[in-house]
There are 2 protein chains.
Amino acid sequence: MTKTTVTKDRRRAAEEIVNSVRLLQGVAQKQSREFVRQHKITGQQLGALRMVALSPGVSLGDLSERMFLHISSVSGIIDRLEKRGYVTRDRNGGDRRVVHLNVTEQGRRVIRRTPLAGMGLLIHTVHKLPDRQLRDILTGLKLILRVMKLDGGDARNG
Amino acid sequence: MTKTTVTKDRRRAAEEIVNSVRLLQGVAQKQSREFVRQHKITGQQLGALRMVALSPGVSLGDLSERMFLHISSVSGIIDRLEKRGYVTRDRNGGDRRVVHLNVTEQGRRVIRRTPLAGMGLLIHTVHKLPDRQLRDILTGLKLILRVMKLDGGDARNG
DNA sequence: TCACAATATTTTGTATACAAAGTATTATAT
DNA sequence: ATATAATACTTTGTATACAAAATATTGTGA
(Lines give C-alpha, C1' and ligand atoms only; values in the text may rest on other atoms or scores of the structure.)
Protein backbone atom coordinates (compact mmCIF):
# COMPACT_ATOMS: atom_id res chain seq x y z
CA MET A 1 0.00 0.00 0.00
CA THR A 2 1.38 3.40 -0.94
CA LYS A 3 1.73 6.25 1.42
CA THR A 4 -0.80 8.26 -0.54
CA THR A 5 -3.45 5.61 -0.06
CA VAL A 6 -2.89 5.57 3.67
CA THR A 7 -3.18 9.33 3.79
CA LYS A 8 -6.45 9.19 1.89
CA ASP A 9 -7.83 6.58 4.26
CA ARG A 10 -6.86 8.68 7.23
CA ARG A 11 -8.52 11.72 5.82
CA ARG A 12 -11.67 9.81 5.05
CA ALA A 13 -11.75 8.36 8.55
CA ALA A 14 -11.23 11.73 10.15
CA GLU A 15 -13.98 13.27 8.08
CA GLU A 16 -16.30 10.42 8.96
CA ILE A 17 -15.61 10.92 12.63
CA VAL A 18 -16.37 14.59 12.54
CA ASN A 19 -19.46 13.92 10.50
CA SER A 20 -20.59 11.26 12.94
CA VAL A 21 -20.27 13.68 15.82
CA ARG A 22 -22.36 16.17 13.91
CA LEU A 23 -24.91 13.50 13.11
CA LEU A 24 -24.96 12.40 16.71
CA GLN A 25 -25.80 15.91 17.79
CA GLY A 26 -28.40 16.21 15.08
CA VAL A 27 -30.05 12.89 15.87
CA ALA A 28 -30.13 13.68 19.57
CA GLN A 29 -31.72 17.06 18.97
CA LYS A 30 -34.24 15.79 16.49
CA GLN A 31 -35.32 13.00 18.78
CA SER A 32 -35.55 15.42 21.64
CA ARG A 33 -37.90 17.65 19.67
CA GLU A 34 -39.99 14.67 18.60
CA PHE A 35 -40.21 13.59 22.21
CA VAL A 36 -41.42 17.01 23.27
CA ARG A 37 -44.08 16.96 20.57
CA GLN A 38 -45.34 13.58 21.65
CA HIS A 39 -45.22 13.91 25.39
CA LYS A 40 -45.67 17.65 25.94
CA ILE A 41 -42.69 17.81 28.26
CA THR A 42 -38.97 18.24 27.59
CA GLY A 43 -36.33 15.65 28.40
CA GLN A 44 -34.66 17.88 30.95
CA GLN A 45 -37.91 18.62 32.72
CA LEU A 46 -38.77 14.94 32.84
CA GLY A 47 -35.27 14.09 34.07
CA ALA A 48 -35.55 16.63 36.87
CA LEU A 49 -39.02 15.39 37.74
CA ARG A 50 -37.78 11.81 38.00
CA MET A 51 -34.86 12.80 40.17
CA VAL A 52 -37.07 14.73 42.55
CA ALA A 53 -39.40 11.75 42.68
CA LEU A 54 -36.49 9.53 43.68
CA SER A 55 -35.31 11.96 46.36
CA PRO A 56 -38.28 13.70 47.92
CA GLY A 57 -37.40 16.96 49.62
CA VAL A 58 -34.13 17.33 47.72
CA SER A 59 -32.67 20.84 47.60
CA LEU A 60 -32.12 22.77 44.43
CA GLY A 61 -28.38 22.75 44.93
CA ASP A 62 -28.25 18.98 45.36
CA LEU A 63 -30.44 18.49 42.34
CA SER A 64 -28.21 20.71 40.22
CA GLU A 65 -25.17 18.63 41.19
CA ARG A 66 -26.90 15.40 40.28
CA MET A 67 -27.93 16.84 36.96
CA PHE A 68 -24.46 18.26 36.24
CA LEU A 69 -26.06 21.65 35.64
CA HIS A 70 -25.66 25.15 37.00
CA ILE A 71 -28.05 25.99 39.80
CA SER A 72 -29.62 28.80 37.84
CA SER A 73 -30.40 26.43 34.99
CA VAL A 74 -32.14 24.02 37.33
CA SER A 75 -33.97 26.90 38.97
CA GLY A 76 -35.49 27.70 35.58
CA ILE A 77 -36.41 24.08 34.88
CA ILE A 78 -38.10 23.82 38.27
CA ASP A 79 -39.92 27.08 37.57
CA ARG A 80 -41.57 25.49 34.58
CA LEU A 81 -42.37 22.25 36.39
CA GLU A 82 -43.87 24.22 39.27
CA LYS A 83 -45.94 26.36 36.94
CA ARG A 84 -47.44 23.21 35.49
CA GLY A 85 -48.17 21.84 38.93
CA TYR A 86 -45.75 18.89 38.80
CA VAL A 87 -43.48 19.89 41.69
CA THR A 88 -43.68 22.07 44.80
CA ARG A 89 -41.10 24.35 46.41
CA ASP A 90 -41.06 24.41 50.22
CA ARG A 91 -38.93 26.72 52.38
CA ASN A 92 -40.02 25.36 55.74
CA GLY A 93 -37.06 23.20 56.70
CA GLY A 94 -34.71 24.24 59.49
CA ASP A 95 -32.67 26.38 57.11
CA ARG A 96 -34.98 28.78 55.35
CA ARG A 97 -32.53 29.55 52.59
CA VAL A 98 -32.99 26.01 51.32
CA VAL A 99 -35.76 25.08 48.93
CA HIS A 100 -37.14 21.58 49.30
CA LEU A 101 -38.60 20.03 46.19
CA ASN A 102 -41.38 17.48 45.98
CA VAL A 103 -43.41 15.87 43.22
CA THR A 104 -47.17 16.34 43.21
CA GLU A 105 -49.66 13.62 42.41
CA GLN A 106 -50.05 15.14 38.98
CA GLY A 107 -46.29 15.01 38.51
CA ARG A 108 -46.29 11.36 39.47
CA ARG A 109 -48.88 10.64 36.83
CA VAL A 110 -46.65 12.27 34.21
CA ILE A 111 -43.72 10.11 35.27
CA ARG A 112 -45.82 6.97 35.09
CA ARG A 113 -47.09 7.55 31.62
CA THR A 114 -43.98 9.05 29.99
CA PRO A 115 -41.14 6.87 28.67
CA LEU A 116 -37.48 7.58 29.23
CA ALA A 117 -35.65 10.31 27.34
CA GLY A 118 -32.14 11.70 27.07
CA MET A 119 -29.61 10.13 29.41
CA GLY A 120 -32.14 7.77 30.91
CA LEU A 121 -32.89 6.41 27.48
CA LEU A 122 -29.20 6.12 26.67
CA ILE A 123 -28.56 4.03 29.78
CA HIS A 124 -31.50 1.80 28.93
CA THR A 125 -30.28 1.36 25.38
CA VAL A 126 -26.65 0.77 26.15
CA HIS A 127 -27.48 -1.96 28.64
CA LYS A 128 -28.89 -4.07 25.87
CA LEU A 129 -25.80 -4.01 23.65
CA PRO A 130 -23.59 -7.08 23.20
CA ASP A 131 -20.19 -7.09 24.94
CA ARG A 132 -18.13 -6.53 21.85
CA GLN A 133 -20.04 -3.37 20.96
CA LEU A 134 -19.91 -2.08 24.50
CA ARG A 135 -16.13 -2.33 24.41
CA ASP A 136 -15.82 -0.67 21.01
CA ILE A 137 -18.00 2.24 21.98
CA LEU A 138 -16.23 2.74 25.26
CA THR A 139 -12.80 2.68 23.64
CA GLY A 140 -13.84 5.23 21.08
CA LEU A 141 -15.48 7.54 23.57
CA LYS A 142 -12.52 7.52 25.88
CA LEU A 143 -10.18 8.35 23.05
CA ILE A 144 -12.30 11.26 21.94
CA LEU A 145 -12.51 12.47 25.49
CA ARG A 146 -8.76 12.33 26.01
CA VAL A 147 -8.11 14.05 22.72
CA MET A 148 -10.60 16.81 23.44
CA LYS A 149 -9.20 17.45 26.87
CA LEU A 150 -5.67 17.69 25.58
CA ASP A 151 -6.39 19.78 22.56
CA GLY A 152 -8.97 22.03 24.13
CA GLY A 153 -6.57 24.78 25.03
CA ASP A 154 -5.19 25.77 21.69
CA ALA A 155 -4.78 24.74 18.07
CA ARG A 156 -3.64 27.65 15.94
CA ASN A 157 -4.26 28.11 12.28
CA GLY A 158 -7.38 29.05 10.39
CA MET B 1 -15.63 -16.80 34.11
CA THR B 2 -19.02 -16.96 35.75
CA LYS B 3 -22.12 -15.40 34.32
CA THR B 4 -22.31 -13.02 37.25
CA THR B 5 -18.88 -11.61 36.48
CA VAL B 6 -19.83 -11.01 32.89
CA THR B 7 -22.97 -9.23 33.98
CA LYS B 8 -20.98 -6.99 36.29
CA ASP B 9 -18.53 -6.16 33.53
CA ARG B 10 -21.38 -5.31 31.23
CA ARG B 11 -22.98 -3.07 33.78
CA ARG B 12 -19.72 -1.30 34.48
CA ALA B 13 -19.07 -0.79 30.77
CA ALA B 14 -22.55 0.57 30.19
CA GLU B 15 -22.21 2.98 33.08
CA GLU B 16 -18.84 4.09 31.82
CA ILE B 17 -20.26 4.77 28.42
CA VAL B 18 -23.07 6.89 29.73
CA ASN B 19 -20.68 8.69 31.99
CA SER B 20 -18.31 9.32 29.12
CA VAL B 21 -21.07 10.85 27.08
CA ARG B 22 -21.92 13.11 29.98
CA LEU B 23 -18.27 14.03 30.41
CA LEU B 24 -17.96 14.67 26.71
CA GLN B 25 -20.81 17.14 26.86
CA GLY B 26 -19.34 18.71 29.97
CA VAL B 27 -15.85 19.03 28.54
CA ALA B 28 -17.18 20.48 25.31
CA GLN B 29 -19.27 23.05 27.13
CA LYS B 30 -16.55 24.02 29.56
CA GLN B 31 -14.02 24.49 26.79
CA SER B 32 -16.53 26.48 24.83
CA ARG B 33 -17.05 28.86 27.75
CA GLU B 34 -13.33 29.16 28.31
CA PHE B 35 -12.89 29.95 24.64
CA VAL B 36 -15.50 32.68 24.81
CA ARG B 37 -13.79 34.21 27.83
CA GLN B 38 -10.43 34.25 26.11
CA HIS B 39 -11.42 35.36 22.64
CA LYS B 40 -14.56 37.42 23.24
CA ILE B 41 -16.46 35.56 20.56
CA THR B 42 -18.45 32.33 20.64
CA GLY B 43 -17.52 29.21 18.71
CA GLN B 44 -20.67 29.37 16.61
CA GLN B 45 -20.11 33.00 15.72
CA LEU B 46 -16.53 32.28 14.75
CA GLY B 47 -17.60 29.25 12.76
CA ALA B 48 -20.16 31.28 10.86
CA LEU B 49 -17.63 34.05 10.31
CA ARG B 50 -15.11 31.59 8.86
CA MET B 51 -17.69 30.06 6.56
CA VAL B 52 -18.74 33.43 5.24
CA ALA B 53 -15.08 34.30 4.71
CA LEU B 54 -14.66 31.13 2.65
CA SER B 55 -17.78 31.83 0.57
CA PRO B 56 -18.16 35.57 0.08
CA GLY B 57 -21.71 36.59 -0.80
CA VAL B 58 -23.21 33.36 0.53
CA SER B 59 -26.92 33.48 1.31
CA LEU B 60 -28.35 32.91 4.75
CA GLY B 61 -30.12 29.79 3.62
CA ASP B 62 -26.97 28.26 2.16
CA LEU B 63 -25.04 29.12 5.28
CA SER B 64 -27.65 27.49 7.50
CA GLU B 65 -27.40 24.28 5.48
CA ARG B 66 -23.64 24.20 5.75
CA MET B 67 -23.88 24.76 9.49
CA PHE B 68 -26.60 22.12 9.91
CA LEU B 69 -28.71 24.73 11.68
CA HIS B 70 -32.18 26.19 11.30
CA ILE B 71 -32.27 29.42 9.30
CA SER B 72 -33.68 31.35 12.22
CA SER B 73 -30.75 30.25 14.39
CA VAL B 74 -28.26 31.45 11.81
CA SER B 75 -30.20 34.66 11.37
CA GLY B 76 -29.62 35.37 15.06
CA ILE B 77 -25.94 34.51 14.90
CA ILE B 78 -25.50 36.81 11.92
CA ASP B 79 -27.39 39.53 13.80
CA ARG B 80 -24.76 39.48 16.49
CA LEU B 81 -21.86 39.38 14.04
CA GLU B 82 -23.38 42.26 12.12
CA LYS B 83 -23.90 44.30 15.27
CA ARG B 84 -20.22 43.90 16.07
CA GLY B 85 -19.25 44.95 12.57
CA TYR B 86 -17.78 41.62 11.45
CA VAL B 87 -20.18 40.86 8.58
CA THR B 88 -22.50 42.76 6.28
CA ARG B 89 -25.93 41.89 4.91
CA ASP B 90 -26.65 42.93 1.31
CA ARG B 91 -29.98 42.60 -0.48
CA ASN B 92 -28.85 43.93 -3.82
CA GLY B 93 -28.49 40.75 -5.86
CA GLY B 94 -30.92 39.90 -8.65
CA ASP B 95 -33.34 38.32 -6.20
CA ARG B 96 -34.09 40.80 -3.48
CA ARG B 97 -35.41 38.23 -1.07
CA VAL B 98 -31.91 36.86 -0.75
CA VAL B 99 -29.44 38.24 1.77
CA HIS B 100 -25.81 38.12 0.72
CA LEU B 101 -23.26 37.93 3.50
CA ASN B 102 -19.72 39.26 3.50
CA VAL B 103 -16.94 39.61 6.03
CA THR B 104 -15.63 43.08 6.84
CA GLU B 105 -11.98 43.91 7.29
CA GLN B 106 -12.55 43.93 11.02
CA GLY B 107 -14.09 40.46 10.78
CA ARG B 108 -11.07 39.26 8.86
CA ARG B 109 -8.81 40.48 11.62
CA VAL B 110 -10.81 38.45 14.14
CA ILE B 111 -10.45 35.33 12.01
CA ARG B 112 -6.73 35.84 11.69
CA ARG B 113 -6.07 36.21 15.35
CA THR B 114 -8.51 33.62 16.74
CA PRO B 115 -7.70 29.90 16.85
CA LEU B 116 -10.11 27.15 15.84
CA ALA B 117 -13.01 26.13 18.05
CA GLY B 118 -15.80 23.56 18.06
CA MET B 119 -16.05 21.44 14.95
CA GLY B 120 -13.09 23.12 13.31
CA LEU B 121 -10.94 22.22 16.27
CA LEU B 122 -12.25 18.68 16.30
CA ILE B 123 -11.31 18.18 12.66
CA HIS B 124 -7.86 19.57 13.31
CA THR B 125 -7.40 17.29 16.29
CA VAL B 126 -8.74 14.15 14.74
CA HIS B 127 -6.44 14.49 11.75
CA LYS B 128 -3.45 14.01 14.00
CA LEU B 129 -4.55 10.70 15.52
CA PRO B 130 -2.87 7.39 14.63
CA ASP B 131 -4.76 4.99 12.36
CA ARG B 132 -5.67 2.51 15.04
CA GLN B 133 -7.36 5.19 17.16
CA LEU B 134 -9.15 6.66 14.21
CA ARG B 135 -10.68 3.26 13.51
CA ASP B 136 -11.69 2.66 17.14
CA ILE B 137 -13.35 6.03 17.47
CA LEU B 138 -15.19 5.65 14.22
CA THR B 139 -16.45 2.18 15.09
CA GLY B 140 -17.71 3.37 18.44
CA LEU B 141 -19.38 6.45 17.08
CA LYS B 142 -21.15 4.56 14.35
CA LEU B 143 -22.47 2.05 16.83
CA ILE B 144 -23.81 4.74 19.12
CA LEU B 145 -25.39 6.45 16.17
CA ARG B 146 -27.11 3.30 14.97
CA VAL B 147 -28.33 2.48 18.46
CA MET B 148 -29.66 5.97 19.04
CA LYS B 149 -31.49 6.05 15.76
CA LEU B 150 -33.13 2.70 16.40
CA ASP B 151 -34.05 3.28 19.99
CA GLY B 152 -35.02 6.90 19.69
CA GLY B 153 -38.68 6.26 19.14
CA ASP B 154 -39.61 4.45 22.29
CA ALA B 155 -38.25 2.61 25.32
CA ARG B 156 -40.95 2.21 27.92
CA ASN B 157 -40.44 1.86 31.62
CA GLY B 158 -39.60 4.45 34.29
C1' DT C 1 -24.62 41.56 69.90
C1' DC C 2 -23.29 43.26 65.54
C1' DA C 3 -20.73 43.73 61.43
C1' DC C 4 -19.28 40.65 57.95
C1' DA C 5 -18.53 36.29 55.67
C1' DA C 6 -20.68 32.26 53.80
C1' DT C 7 -24.52 29.84 51.79
C1' DA C 8 -28.82 28.90 48.96
C1' DT C 9 -31.76 30.71 45.62
C1' DT C 10 -33.56 33.94 42.44
C1' DT C 11 -33.12 37.33 38.92
C1' DT C 12 -31.16 39.41 34.89
C1' DG C 13 -28.62 39.41 30.71
C1' DT C 14 -26.45 36.92 26.81
C1' DA C 15 -26.16 33.10 23.55
C1' DT C 16 -27.99 29.21 21.45
C1' DA C 17 -31.74 26.42 19.10
C1' DC C 18 -36.12 25.57 16.98
C1' DA C 19 -40.99 26.27 15.40
C1' DA C 20 -44.49 29.07 13.81
C1' DA C 21 -46.16 33.30 12.26
C1' DG C 22 -45.26 37.38 9.64
C1' DT C 23 -43.16 40.13 5.63
C1' DA C 24 -41.36 40.90 1.27
C1' DT C 25 -40.41 39.33 -3.17
C1' DT C 26 -40.58 36.29 -7.06
C1' DA C 27 -42.74 32.64 -9.79
C1' DT C 28 -46.84 30.39 -11.67
C1' DA C 29 -51.36 29.33 -13.26
C1' DT C 30 -55.40 30.70 -15.24
C1' DA D 1 -52.81 40.59 -15.65
C1' DT D 2 -53.81 39.05 -11.31
C1' DA D 3 -54.75 36.02 -7.60
C1' DT D 4 -52.08 32.42 -5.52
C1' DA D 5 -48.18 29.65 -4.43
C1' DA D 6 -43.48 29.37 -3.34
C1' DT D 7 -39.27 31.24 -1.54
C1' DA D 8 -36.00 33.81 1.60
C1' DC D 9 -35.68 35.87 5.51
C1' DT D 10 -37.10 38.13 10.05
C1' DT D 11 -39.63 38.18 14.23
C1' DT D 12 -41.65 36.21 18.25
C1' DG D 13 -42.14 32.82 21.79
C1' DT D 14 -40.33 28.80 24.43
C1' DA D 15 -36.60 26.11 26.38
C1' DT D 16 -32.01 25.50 27.60
C1' DA D 17 -27.45 26.98 29.70
C1' DC D 18 -24.31 29.88 32.14
C1' DA D 19 -22.37 33.92 34.71
C1' DA D 20 -22.89 37.71 37.55
C1' DA D 21 -25.59 40.46 40.49
C1' DA D 22 -29.16 40.65 43.86
C1' DT D 23 -31.71 38.75 47.97
C1' DA D 24 -32.45 36.30 52.00
C1' DT D 25 -30.78 33.71 55.68
C1' DT D 26 -27.44 31.63 58.59
C1' DG D 27 -22.90 31.38 60.74
C1' DT D 28 -18.79 33.63 62.98
C1' DG D 29 -15.50 36.51 65.07
C1' DA D 30 -14.58 40.22 68.09
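Below, read A as the first sequence line, B as the second, and so on, with proteins coming before strands; counting in each chain starts at 1. The basis for the numbers below is simple: all heavy atoms, side chains too, and nothing from hydrogens, waters or symmetry mates.
Of the residues A/Leu101, A/Ile111, A/Leu54, the one that meets the side chain to side chain contact (heavy atoms under 4.5 Å, CB included) test with A/Leu49 is A/Ile111.
The closest donor-acceptor contact from the side chain of B/Thr104 to the backbone of B/Gly85 lies under 3.5 Å. The main-chain N or O of B/Pro56 is never found under 3.5 Å from a side-chain atom of B/Asn102 such that the two would form a donor-acceptor pair. A distance-only check finds a donor-acceptor pair linking the side chain of A/Asp95 to the backbone of A/Arg97 [under 3.5 Å]. Side chain of B/His39 to backbone of B/Ile41: no donor-acceptor contact under 3.5 angstrom is found.
Along DNA chain D, the nucleotide closest to A/His70 and the one closest to B/Ser59 are compared, and the more 5′ of them pairs with B/Ser59. Mapped onto DNA chain C by nearest heavy atom, A/Ile71 and B/Ser72 fall at different nucleotides, with A/Ile71 at the one closer to the 5' end.
Counting to the nearest Å, the C1' atom of C/dA19 and the CD atom of A/Glu34 are 13 Å from each other. Atom CZ in B/Arg37 sits about 15 Å away from atom P in C/dA15, given to the nearest Å. One interatomic measurement links the two molecules: NE2 of B/His100 to P of D/dT10, which rounds to 12 Å at whole-angstrom precision. The CG atom of A/Leu49 sits 12 Å away from the P atom of D/dT16 (whole-angstrom rounding). Rounded to whole Å, the distance from CG on B/Asp95 to P on C/dT26 is 6 Å. What separates CG of A/Leu69 from P of D/dA15 is a distance of 16 Å, to the nearest Å. The distance from atom CZ of A/Phe68 to atom C1' of D/dT16 is 18 Å, rounded to the nearest whole Å. The distance from atom CZ of B/Phe35 to atom C1' of C/dT14 is 17 Å, rounded to the nearest whole Å.
For B/Arg80 and B/Thr42, the side-chain atoms include no donor-acceptor pair closer than 3.5 Å.
Listed candidates were D/dA17, C/dA6, D/dT10. Nearest to the side chain of B/Leu60 is D/dT10. The side chain of B/Gln44 lies closest to C/dT16, out of D/dT10, C/dT16, C/dT10.
The stretch residues 74-83 of chain A touches DNA chain C through A/Ser75, each having a heavy atom within less than 4.0 Å of the strand. For DNA chain C, no neighbouring residue in residues 85-93 of chain B is found when judged by any heavy atom under 4.0 Å.
Counting non-hydrogen atoms of other residues, nucleotides and ligands closer than 6.0 Å to CZ of B/Arg96 gives a total of 12 or fewer.
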Verify side chain to side chain contact (heavy atoms under 4.5 Å, CB included) between A/Arg84 and A/Gln106, making sure each step is shown before the conclusion.
CA-CA 9 Å; A/Arg84 294 170 73 171; A/Gln106 209 185 339; over 6 Å; no

Quick one: do B/Leu63 and B/Ile78 satisfy side chain to side chain contact (heavy atoms under 4.5 Å, CB included)? Show the steps, please.
CA-CA 10 Å; B/Leu63 184 59; B/Ile78 294 297; 3.9 Å; yes

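For the OP1/OP2 pair of D/dA15 and a distance below 4.0 Å, the side-chain nitrogens and oxygens of A/Thr42 include no atom meeting the criterion. When the side-chain nitrogen and oxygen atoms of A/Arg33 are compared with OP1 and OP2 of C/dA17, none of them lie within a distance under 4.0 Å. Listed pair B/Arg96 / C/dT26 fails the phosphate criterion, with no side-chain N or O lying under 4.0 Å from OP1 or OP2.
Atoms CE and CG, on B/Met51 and B/Asp62 in that order, are 11.5 Å from each other to the nearest 0.5 Å.
At a threshold of 4.0 angstrom between heavy atoms, the contacts of A/Gly94 are confined to the sugar-phosphate backbone, with no base atom among them.
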